[in-house]
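Residue numbers begin at 1 in each chain, while the letters A, B, ... track the order of the sequences.
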Number of protein chains: 4
Amino acid sequence: MVRAARPRLRQVETPAPKAHTSNRRGRRSRQEILDAAARVMSVRGYAGTSMSTLVKETGLPKSAFYHHFESKAGLLSAVMAQGAQGFFDAMRDAHRDPPEGGTPRERMRWYLLRTGEVIENREEFLRLLLVLVMSHEAAEAPEALRTVRTVRDEGRTYMRHMIRSAFAGAGGAAADAVADALAPFGMAGFDGAFVSFQSADGIPIARFMTELADGLVSLGEALLPGR
Amino acid sequence: MVRAARPRLRQVETPAPKAHTSNRRGRRSRQEILDAAARVMSVRGYAGTSMSTLVKETGLPKSAFYHHFESKAGLLSAVMAQGAQGFFDAMRDAHRDPPEGGTPRERMRWYLLRTGEVIENREEFLRLLLVLVMSHEAAEAPEALRTVRTVRDEGRTYMRHMIRSAFAGAGGAAADAVADALAPFGMAGFDGAFVSFQSADGIPIARFMTELADGLVSLGEALLPGR
Amino acid sequence: MVRAARPRLRQVETPAPKAHTSNRRGRRSRQEILDAAARVMSVRGYAGTSMSTLVKETGLPKSAFYHHFESKAGLLSAVMAQGAQGFFDAMRDAHRDPPEGGTPRERMRWYLLRTGEVIENREEFLRLLLVLVMSHEAAEAPEALRTVRTVRDEGRTYMRHMIRSAFAGAGGAAADAVADALAPFGMAGFDGAFVSFQSADGIPIARFMTELADGLVSLGEALLPGR
Amino acid sequence: MVRAARPRLRQVETPAPKAHTSNRRGRRSRQEILDAAARVMSVRGYAGTSMSTLVKETGLPKSAFYHHFESKAGLLSAVMAQGAQGFFDAMRDAHRDPPEGGTPRERMRWYLLRTGEVIENREEFLRLLLVLVMSHEAAEAPEALRTVRTVRDEGRTYMRHMIRSAFAGAGGAAADAVADALAPFGMAGFDGAFVSFQSADGIPIARFMTELADGLVSLGEALLPGR
DNA sequence: AATGAATGAGCATTCATTCAT
DNA sequence: CATGAATGAATGCTCATTCAT
């Protein structure tokens, strides 16, 4: 189940940076902390990630963490907020300029394949997101949990939008009905594809996305009034 | 109609209950510990669950934990082993007496709806399983990770079996081909349904299972040589 | 204001006892911890005493402190409880066999001089007690504060008893009235004597006690109905 | 009636307010810090008061504290110095225009009742003073401890002055002898009254002062050569 | 077989303080 | 002059584990 491609924790090769020439590098170290936290927490989980580990990862003094973030929970919240931001930006980018014509299947595939690329690029964030969805590890970080919920809600909205666009040819009302009916299943397909991706079964995400697209289109066509 | 051979479930060995038949309390408290650990770890995650929490939860002395299990990691391994055992038993039970006739869709639906019931009844185990799939929280418990892998492998085998059974009417070779092609997607649907179930979207698992069944059948039919 | 006679913190001359032959010396280390805490806290105050200091003082591992006591606050509570016990025992001892006859002044002096001896022997406890009376340093240790209040209440009762005994010759009712009227002043005299004792003015406690006795008798006689 | 010379109060040097006349905010925030520190430290003790607490209390930036004061210890020293100044000013004010005639008791009562009012008004300062007398919490602030000693020495001188004034009618030498003999007891009465006041026994300070006055006069008369 | 006592390493967090601007 | 950013050392406490009985 251990995926070789998973990011390894950087070894502590810089045991004494010490020579911090300037103390006016706040913004930079804040981001360094966020990056390290996102990386490590997505691998070890929230509870499994100790502040000391992040200290070793970054080389920054422990107090820097509490200078920039209120607490470990606050750090998680910031990690999630930034991750969500990046995820939505990537989604918006990916779905810019959708194909104008084509069959529903072609359009659906286009959307989901692009989405699959986002999944691959946002692995870290999505892994942490799913762990937070599944466990209550981060009960102390309600703000982070709120972000999780927001991301899922927005994600569902996104899925609805994709399905509606794919079926746009069938008329607005019909497309809306299909989208509303299938968005949950689409989300589940998305989640499942990511889990499979994580469980290192070696199957490319694109394949899941293609199958999900085709499946959604089949289900959708069965729902169309004309049928 | 050819009924595909039911896959033989590999035994997930419980690490030899230490044979303390003499003391009746021993057996009972071992099980109490396993239950509490399964319950709490599935909620808080492995790293997020401390031995002290389990001590408080069970009321048993801390040393009892180390009497029955080698370590926290060993406890997790036992929890996973027992959970896997129960999961497979439930699956075997659920799929006893499949319908003999009917369309592929009907048969697929029957299988997956029964599977959905198992999902609902084994929520605790599956939640912990998925957290372990997603995070490296339990890197110290390789035995548990092995169980995770086993469960997923067996799960995929199971999924293959269900699809093959549904398509049995198309002939053994065709059914095999379809099953091999769609098993990963089926697994992903299963995972995704569980994630949605956990994220408390309020949609009944049965609906996901029905849609997954229909989607799989559509995809399968598209793969059949005759088409 | 620094009194030379004040107990010095024992230097950490035993840096590595390590060779704790037995781990069954619980009771003993509990008492060691209590003693060290009483000693150091009475010098540095509650907030000014860190657990690490006590660790260094005792040579015991930090976890031993949390094995025996719930928290730093709990340790303070135990220190105060044991100190109060010892204080009351000493008072009871000191006032066993009071003189049968003599003038009120002689009797009052006898009582207070004996009390002065107790003060000198219980310096540590009383110092900590007074610091807790004066500051809210130990707001987190409400149990300790309850002990403080108890000790002061019992102390006042004691003072009443001494005055009543001194004036017993004037008749029970008169003695009671005098005792009730003067107990608060007696307490204040006691407190003040202890503060002076602590502020290292070099004046023996016995002198304060004699003057307090004489002052109380004068005030008491002025209250007697016959006058 | 011979009025004893009022003791000259030694100045308790405020550490030269750094002469920032230019910036008006500076002066004000320095005083704000002093006030907050006096208030909080008198409640929580020195060790129990963190700089962060004072930052939150004042709303001023942390660096302002180090701009105006050298260190936490330096801040305590300044707090004590200013408190001592205020205390002596209040004492001087309170004892302006003592009664010319009357019995020693009347005069003693007048002095001590006025002193009692000062106690009530300077509660904050005296509480911190007593905590510093009792504990070694502020070992790092020797300057503050010096102020403590000064205040107590001056206080004793004051007490001597009051007793001498009360007994002035008995002749200078006799009054001096009585004052020297009873000043420590007077101080102790003062301390004790304050402790009782703090321990919230609900007894008005005036009553302690009256009884202390009467007690002192009784003791003093017993010492007069004529008796 | 079962357990209360004990422990060293590590936890998240706060401390008083410094420094560049 | 005034301050926001930064920091190393220490804080109170919990961790998983061991061991003698």
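No side-chain donor-acceptor contact under 3.5 Å links Tyr46(C) to the backbone of Ala139(C). With hydrogens and angles ignored, the 3.5 Å screen pairs a side-chain donor or acceptor of Ser71(C) with a backbone N or O of Gly74(C).
With values rounded to the nearest 0.5 angstrom, Ser77(A) atom OG is found 8.0 Å from Leu145(A) atom CG. Rounded to the nearest 0.5 Å, atoms CG (Asp35(A)) and CZ (Arg30(A)) are 11.0 Å apart. From Lys72(B), atom NZ reaches atom CE of Met41(B) across 5.5 Å, with rounding to the nearest 0.5 Å.
Computed from coordinates, the Phe69(A) CZ to dT14(E) C1' distance equals 18 Å when rounded to whole Å. Going from atom CD of Glu140(D) over to atom C1' of dT17(E) covers 12 Å, rounded to whole Å. In this entry the distance linking NZ of Lys56(D) with P of dA16(E) reads 11 Å, nearest Å. Rounded to an integer number of Å, the gap from OH of Tyr66(B) to P of dT17(F) is 4 Å. In this structure, NE2 of His68(D) is placed 11 Å from C1' of dT3(F), rounded to the nearest angstrom. For the pair Leu75(D) CG and dA16(E) P, the computed distance is 11 Å after rounding to whole Å. Glu70(A) places its CD atom 10 Å from the P atom of dT13(E), with the value rounded to the nearest Å. Following rounding to the nearest Å, Phe65(D) (CZ) and dG4(F) (P) show an atom-to-atom distance of 13 Å.
Listed candidates were dG8(E), dC13(F), dA16(E). Nearest to the side chain of Pro61(C) is dG8(E). The side chain of Lys72(A) has dT13(E) as its nearest neighbour among dT17(E), dT13(E), dA2(E). Among dT7(F), dT17(E), dA1(E), the nucleotide with an atom closest to any side-chain atom of Ala64(A) is dT7(F). Each of dC13(F), dA12(E), dA16(F) was ranked by its minimum atom distance to the side chain of Lys62(A); first place goes to dA12(E).
Looking at heavy-atom distances under 4.0 Å, Ser63(C) makes contact with a base.
Residues from residues 34-50 of chain B that place a heavy atom under 4.0 Å from any atom of DNA chain E: there are none.
Heavy-atom minimum distance, Phe65(B) versus Leu54(B): CE2-CB, 3.6 Å.
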How is the base pairing of DNA chain F summarised as a dot-bracket string, given the Watson-Crick and G-U wobble criteria with both distances under 3.5 Å, [ ] for crossing and | for another strand? .||||||||||||||||||||
Evaluation steps, side-chain contact (heavy atoms from CB on, under 4.5 Å), between Arg44(C) and Ser135(D): CA-CA 6 Å; Arg44(C) 296 256 195 270; Ser135(D) 79; over 6 Å; no
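Salt-bridge check for Arg39(B) with Glu57(B): passed, with a basic side-chain N closer than 4.0 Å to an acidic carboxylate O.
Side-chain contact between Lys62(C) and Ser52(C) is present, with at least one heavy-atom pair separated by less than 4.5 Å.
The phosphate of dC15(E) (OP1 or OP2) has a side-chain N or O of Ser52(D) nearer than 4.0 angstrom.
Each of Thr53(B) and His67(A) has a nearest nucleotide on DNA chain F; the 5'-most of these lies closest to His67(A).
In the displayed structure, Glu124(D) atom CD is contacted under 6.0 Å by more than 12 heavy atoms of other residues, nucleotides or ligands.
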